[in-house]
Amino acid sequence: GRVTPITAWKATPKAHAPRPRPDRPIRSEPLRRGPRPHLPNLPDDTCVRTVTTSGTIVLDQVVYKIDVDYAFAHVLVARI
């Protein structure tokens, strides 16, 4: 026969309420990045940048797209 709303309500088990996940452990010291590579004989208008995981570098607040294949590579940038 016909299924009434109360019959359907009783037929489905109640779902458990979502529980919050435990917090991530808080580190006592922040993660430190390694030093930027320093090349001693660079001209004054040249700097070293590391390509990000998205394949970009930032220079003077401008994002330049290079290539994802060069992620984490160090590139020399000459300011003109």
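FYI, the numbering just counts along the sequence from 1. The figures that follow rest on heavy atoms only: side chains count, while hydrogens, waters and symmetry mates do not.
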Please say yes or no: joined through hydrophobic side-chain contacts below 4.5 Å, possibly via intermediate residues, are [X] and [Y] part of one cluster?
X	Y	result
V68	Y70	no
L59	V51	yes
I57	V62	yes

Find the distance between OG1 (T53) and CZ (F72) and round it off to the nearest 0.5 Å.
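Separation between the atoms: 5.5 Å.
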
When rounded to the nearest 0.5 angstrom, what distance separates OG1 in T4 from NZ in K10?
8.5 Å

Atom NZ of K65: over 12 foreign heavy atoms under 6.0 Å:
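Atom NZ in K65 is crowded, with more than 12 foreign heavy atoms closer than 6.0 Å.
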
T56 side chain reached by I66 side chain, heavy atoms, under 4.5 Å:
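SC-SC contact between I66 and T56 ruled out.
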
Would V48 and L76 satisfy side chain to side chain contact (heavy atoms under 4.5 Å, CB included), going step by step from the backbone distance to the final call?
CA-CA 5 Å; V48 178; L76 294 176; 3.6 Å; yes

Determine the minimum heavy-atom distance between R49 and V58, stating which atoms define it.
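So the two residues come closest at NE-O, 3.1 Å.
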
